[in-house]
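As the structure lists them, so they are numbered: ligands from 1, and atoms in each ligand from 1.
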Amino acid sequence: MAAPSLVLFRRDLRVADHPALAAAMAAGPTIGVYVLDDTADGRPLGGAARWWLHHALTRLAADLESLGVPLILRRGAQNTVVPALARDVEASGVYWSRRYTPWGVAADKGLKAWASEAGITAQSYAGSYLVEPWAVQTKQGRPFKVFTPFYKAMQAAGEPSLPLPEPEPQEPLLLTVKSDTLADWALLPTQPDWASGLRQTWQFSAGERTADFLDTAVNAYPDARDRPDIDGTSMLSAFLAFGEVSPRQVWHAARHRASLEPAAATGVEAFLRQLVWRDFCSSLLYHFPHIADRPFQQKFEGFPWANDPGALRAWQRGQTGYPWIDAGMQQLWHTGWMHNRVRMGVASFLTKHLLLPWQAGEAWFWDTLVDADPAQNIANWQWVAGCGADAAPYFRIFNPITQGDKFDPRGLYLRQWQPDTLSYEPGAAGIRPIVEHRAARERALAAFATIKGA
Ligand SMILES: Cc1cc2nc3c(=O)[nH]c(=O)nc-3n(C[C@H](O)[C@H](O)[C@H](O)COP(=O)(O)OP(=O)(O)OC[C@H]3O[C@@H](n4cnc5c(N)ncnc54)[C@H](O)[C@@H]3O)c2cc1C
């Protein structure tokens with residue numbers, strides 16, 4: 001048998017439209033590898049994401065098996081685990097999809113250096129975004145800091161290329177090397193098992209959901225996307241975050257829909273624009289890696305954030321006394337997902353009404369979102385907090401009462417997550433509000449005034 005190649009799976013847990021897998025299989029016998037590496041995203045995956053990962057790896061292993069490709073699971077630092085495995089199976093090559101986070105870039109550079117020293121082929125491919133972060137630049141050759149010109153430049157660059165099909169199966173490879181099992185990793189919660197809401201919510205595959213959304217919801221997306229009481233968005237974010245579907249696959253499925261039904265064109269355009277936001281966030285973290293834990297706008301380094309563990313706990317548990325905020329936090333806790341409009345509301349409430357640092361909210365989202373993704377989470381938190389690139393101005397403070405009335409006019413979302421509550425008035429769910437809206441707003445504006453001219 002020819003020497004096999006390893007394909008490293010990270011946030012690209014699929015077999016179709018996977019250039020690295022396709023290239024490896026075209027070159028010869030292929031082994032899939034997933035390394036559970038707590039440093040891959042700069043910190044261990046959160047609880048909800050671990051739950052998702054368990055199921056995503058189960059699906060990936062089955063898909064790979066049908067291609068004759070075994071999936072080896074190992075735990076530890078990627079750059080220790082992969083060289084050892086490569087030695088054990090006498091691999092001739094290592095293939096992967098490129099990552100763009102500071103941690104991913106650093107680790108993969110190290111792996112390339114090892115491969116070159118060991119005389120092993122190391123091939124990396126694009127695959128996780130519509131474009132690579134260096135492919136879209138200003139006329140001066142600099143990274144974009146504002147979304148709209150980024151979006152226009154992407155449009156000018158033309159359509160992303162068509163997704164690749166699944167590779168042809170190989171002769172099944174039987175290995176003697178050991179693999180961990182998913183059970184060894186205990187990614188699913190047991191004591192207590194808090195995942196029943198997640199199981200109930202996530203009963204569809206990426207393919208089913210894409211088809212459903214494009215068939216039934218995309219036409220109304222431009223307005224419905226702001227309505228948490230309507231099933232109006234794709235709910236593909238976790239599939240995209242783990243790479244179970246590629247953005248190119250989603251892009252072309254949506255384009256195909258518009259070609260079949262011209263009335264879908266406006267909805268499709270609005271939907272694809274959001275997909276470009278995903279690229280924009282990744283591009284920001286790639287070009288400005290300091291935003292991982294520091295504000296994009298330097299003047300916010302001196303922002304007088306509060307330190308109030310009690311308020312943070314109330315926010316995390318959905319006990320702020322503001323039904324709009326508490327409904328969102330309940331949705332997050334039960335399903336591992338929150339509607340984007342409500343994400344903006346709860347993030348604004350944390351960073352403005354409670355004056356708590358965005359990093360505290362980002363960390364909670366990291367632990368509780370099934371779609372937790374470093375670039376999307378960091379860039380969106382900074383956007384809402386007002387300290388990010390192209391951010392909402394800090395003084396735009398979402399009103400947690402009128403936002404509920406506006407985006408959930410019939411109170412359906414409210415009653416789903418705050419049963420028996422009849423209005424978005426503070427205290428309406430029987431919880432005493434932890435801050436008074438107007439006073440909190442004034443306090444936030446006063447805090448902002450201290451750094452405004454900085
Ligand atoms: C404070 C905050 C934190 C967030 N953290 C994350 C996160 O960790 N992971 C994550 O995937 N999204 C995050 N988002 C972005 C957004 O809320 C979700 O992507 C979206 O709600 C997912 O639902 P959907 O798949 O139905 O979206 P759709 O409306 O159907 O959009 C389609 C896809 O476009 C992308 N997208 C949509 N909105 C955004 C956006 N604002 N920024 C970047 N990409 C976007 C997502 O991949 C999404 O699946 C965050 C937003 C906020 C305000």
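- Shortest contact from atom 9 (N) of ligand 1 to any protein heavy atom: Asp371 O, 2.9 Å.
- Close N/O approach between His339 and ligand 1 is not found [any backbone or side-chain N/O within under 3.5 Å].
- Shown in contact with Leu236 at under 4.0 Å from a heavy atom are these atoms of ligand 1, numbered in order with element: 25 (O), 49 (O).
- In this structure, Arg225 is not positioned above the aromatic face of Phe271 in the sense of NZ or CZ being under 6.0 Å from the six-membered ring centre and within 45° of the axis.
- The nearest heavy-atom contact from the protein to atom 38 (N) of ligand 1 is Gln274 NE2, 3.0 Å.
- At under 3.5 Å, a nitrogen or oxygen of Asn380, whether backbone or side chain, sits near a nitrogen or oxygen of ligand 1.
- For Trp277, no nitrogen or oxygen atom sits less than 3.5 Å from a nitrogen or oxygen atom of ligand 1, counting backbone and side chain alike.
- Asn377 OD1, 3.1 Å is the protein heavy atom nearest to atom 5 (N) of ligand 1.
- The CG atom of Asp229 sits 4.5 Å away from atom CG of Asp408, with the distance rounded to the nearest 0.5 Å.
- With a 4.0 Å heavy-atom cut-off, ligand 1 is reached by no atom of Trp366.
- The shortest contact between atom 33 (C) of ligand 1 and any protein heavy atom is with Leu275 CD1, 3.9 Å.
- For the pair Lys352 and Tyr394, the cation-pi criterion (under 6.0 Å, within 45° of the ring axis) is fulfilled.
- The distance criterion of under 3.5 Å between nitrogen or oxygen atoms is not met by Ala347 with respect to ligand 1.
- Residue contacts with ligand 1 leave out Arg225, since none of its heavy atoms falls under 4.0 Å from the ligand.
- Cation-pi geometry between Arg278 and Tyr129 is met: the NZ or CZ atom falls under 6.0 Å from the ring centre, inside 45° of the normal.
- Every residue two or more places apart in sequence or in another chain that forms a ring-ring contact (aromatic ring centres under 6.0 Å, His included) with Phe9 is listed here: His18.
- Nearest non-hydrogen protein atom to atom 21 (O) of ligand 1 is Asn340 CB, 3.4 Å.
- Close approach of ligand 1 to Cys281 (heavy-atom distance below 4.0 Å) involves ligand atoms 42 (N), 43 (C).
- A 4.5 Å side-chain heavy-atom check between Tyr221 and Phe213 finds at least one atom pair inside the cut-off.
- The existence of a salt bridge linking Asp193 and Arg199 is confirmed by a sub-4.0 Å separation between a basic side-chain nitrogen and an acidic carboxylate oxygen.
- Ligand 1 is approached by Ala372 to a heavy-atom distance shorter than 4.0 Å.
- Neither the backbone nor the side chain of Phe213 comes within 4.0 Å of ligand 1, counting heavy atoms alone.
- Taking every non-hydrogen atom of Arg278 and a distance limit under 4.0 Å, the qualifying atoms of ligand 1 come out as 43 (C), 44 (N), 47 (O).
- Listed by number with element, the atoms of ligand 1 under 4.0 angstrom from any heavy atom of Phe365 are 1 (C), 2 (C), 3 (C).
- Looking at Met344, Glu362, Arg343, Gln376 and measuring to atom 18 (C) of ligand 1, the nearest heavy atom belongs to Arg343.
- Nearest non-hydrogen protein atom to atom 29 (O) of ligand 1 is Tyr221 OH, 2.5 Å.
- With rounding to the nearest 0.5 angstrom, the CZ atom of Phe398 is 14.5 Å from the CD1 atom of Ile401.
- Contacts of Trp337 with ligand 1, taken as heavy-atom pairs under 4.0 Å, involve the side chain alone.
- The single protein non-hydrogen atom nearest to atom 24 (P) of ligand 1 is Met235 N, 3.5 Å, given as residue, atom name and distance.
- A salt bridge links Asp108 and Arg10; the closest N-O separation between the charged side-chain nitrogens and carboxylate oxygens is under 4.0 Å.
- At the top of the distance list for atom 32 (C) of ligand 1, counting protein heavy atoms only, stands Phe271 CE1, 3.4 Å.
- In this structure, a donor-acceptor pair under 3.5 Å is present between the side chains of Glu244 and Trp52.
- The pair Arg248-Asp17 meets the salt-bridge criterion, with a side-chain N (NZ, NE, NH1 or NH2) lying under 4.0 Å from an Asp/Glu carboxylate O.
- Using cut-offs of 30° and 60° for the angle between ring planes, the Tyr322 and Phe349 rings count as tilted.
- Both the backbone and the side chain of Ser234 come within contact range of ligand 1, each with a heavy atom under 4.0 Å.
- Of all atoms in ligand 1, listed by their number and element, those nearer than 4.0 Å to a heavy atom of Ser237 are 11 (O), 19 (O), 22 (C), 23 (O), 25 (O), 49 (O).
- Among residue pairs with one or both ends in residues 307-328, none qualify as salt bridge (charged side-chain N to carboxylate O under 4.0 Å, His left out); sequence neighbours excluded.
- Under a cutoff of 6.0 Å and an axis angle of 45°, Arg341 and Phe407 form a cation-pi pair.
- Using a 4.0 Å cutoff on heavy atoms, Phe280 does not count as a contact of ligand 1.
- At a 3.5 angstrom cut-off on N or O pairs, Leu240 does not count as close to ligand 1.
- Using a cutoff of 4.0 Å between basic side-chain nitrogens and carboxylate oxygens, Arg273 and Glu269 are not scored as salt-bridged.
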